[in-house]
Q: 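Submitted below is the structure of interest, expressed as structure tokens.
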Amino acid sequence: MVISQSRIRSLLRGYAAAALAALAAALPAQVAPGDAFPPIAAAGLTGGPLPETAGKVVLVDFWASWCGPCKASFPAYARLHAAYAGRGLVIAAVSVDESPAAYTAFVARLKPPFATLHDSKQALVREVQVPTMPTSYLVDRSGKVRFIHAGYHGEQTERQLRAEIEALLDEGAQLQ
Amino acid sequence: MKGLRKSHLMIPALCCAAALLGGCSSTAAVRVRPWERAALADETMNPDRDPLASAMIEHVYFSREADSGGKGVGGSGCGCN
């Protein structure tokens with residue numbers, strides 16, 4: 001039995017398509033603007049009380065004790081917390097440290113005024129698929145991701161966050 | 001080329017498919033995710049963490065290779081600048 005060249009090409013295309021489909025299925029999709037952020041309460045986070053996020057603008061920041069820019073971002077988040085917590089902003093800083101001791105020591109040293117949580121099993125971060133460390137997600141009052149900041153770039157990131165937070169808080173005020 | 005026998009085609013095709021699909025199942029093993037880089041970010045992973053040791057290694061290297069100035073500075077390594 002002989003097989004023509006066109007049949008060979010067709011078979012190879014089929015194998016390639018199957019391989020690509022399997023690859024796409026194996027990799028979970030990154031959370032993108034417009035997606036609903038996974039529920040924090042269902043993620044099994046430890047390290048502190050879960051903040052009340054219903055109807056609030058939420059800034060979810062993924063950080064780690066071994067990440068330099070994460071440490072640099074904490075004073076900026078403290079300023080944002082001081083400026084906007086009264087208007088309905090909740091900051092939830094989620095550590096992806098594998099070591100509980102590293103998480104505890106970092107929080108004890110920096111004493112952040114906002115909520116810190118520990119994703120010790122790295123379940124939430126795996127679900128969200130952060131592109132880099134740190135990454136912060138700005139979620140509107142309906143629970144939808146509106147802005148994503150990959151990395152922390154000092155004043156530039158803080159300035160952008162301020163503008164975005166104010167826009168989302170105003171948006172919520174108009175709805176209420 | 002007139003064509004190939006089916007038995008001759010199936011073996012390499014199955015090998016290719018197995019290799020491709022095998023790679024799919026091990027993608028987590030070949031890429032370190034951003035949140036998994038604690039060990040890589042450790043100071044012990046920094047090859048230049050001990051400046052004195054680095055200076056000594058460079059000194060030995062330059063002496064052996066006779067290329068003083070050949071690393072990190074201008075010039076061609078002749079030692080004249």
Side-chain angles (χ1 to χ4, degrees), chain A residues 1-28 30 61-71 94-99 101-103 106 118-135 150-151, chain B residues 1-62 67 69-75:
Chain A
M1 179 186 173
V2 293
I3 298 176
S4 65
Q5 277 187 312
S6 63
R7 178 71 179 145
I8 295 168
R9 277 196 291 271
S10 167
L11 276 170
L12 290 175
R13 269 199 297 270
Y15 284 127
L20 288 173
L23 182 65
L27 294 173
Q30 284 184 344
D61 174 55
F62 287 92
W63 62 276
S65 63
W66 44 263
C67 156
C70 304
K71 187 179 175 185
V94 180
S95 163
V96 301
D97 277 296
E98 289 173 272
S99 156
Y103 166 78
F106 188 91
H118 190 199
D119 187 12
S120 55
K121 293 177 183 167
Q122 299 185 330
L124 182 62
V125 72
R126 197 170 289 119
E127 189 175 353
V128 173
Q129 290 284 311
V130 300
T132 188
M133 292 295 297
T135 295
Chain B
M1 184 178 138
K2 290 177 183 175
L4 291 172
R5 290 198 173 278
K6 189 176 184 180
S7 59
H8 289 170
L9 174 69
M10 289 307 287
I11 293 169
L14 285 174
C15 287
C16 288
L20 286 168
L21 294 173
C24 294
S25 65
S26 62
T27 48
V30 297
R31 187 186 160 201
V32 181
R33 303 285 168 187
W35 56 90
E36 297 171 337
R37 295 179 186 167
L40 295 174
D42 194 274
E43 175 59 15
T44 53
M45 297 296 276
N46 179 4
D48 200 24
R49 64 186 177 278
D50 185 348
L52 180 59
S54 297
M56 291 169 71
I57 289 166
E58 281 181 17
H59 176 73
V60 170
Y61 181 78
F62 291 157
D67 72 340
K71 181 188 175 188
V73 296

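Residue numbering restarts at 1 for every chain, and letters A, B, ... go by the order of the sequence lines.
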Q: Give the minimum heavy-atom separation between A:Arg126 and B:Trp35, together with the two atoms involved.
A: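 Heavy atoms only, the tightest pair is CA-CZ2, 3.9 Å.
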Q: Go through A:Thr135, A:Val130, A:Thr132 and name the one with the most non-hydrogen pairs under 4.5 angstrom from chain B.
A: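 Counting heavy-atom pairs under 4.5 Å, the top option is A:Val130.
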Q: Looking only at heavy atoms, which of residues 38-46 of chain B get nearer than 4.5 Å to chain A?
A: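 Counting heavy atoms that sit under 4.5 Å from chain A, the residues of residues 38-46 of chain B involved are B:Ala38, B:Ala41.
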Q: Just so I know, are the side chains of A:Glu98 and B:Glu36 near enough to count as touching, which here means a heavy-atom distance under 4.5 Å?
A: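 No, their side chains stay 4.5 Å or more apart.
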Q: Relative to chain B, which segment of A:Pro131 carries a heavy atom at a distance below 4.5 Å: side chain, backbone, both, or neither?
A: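 A:Pro131 touches chain B through backbone heavy atoms alone.
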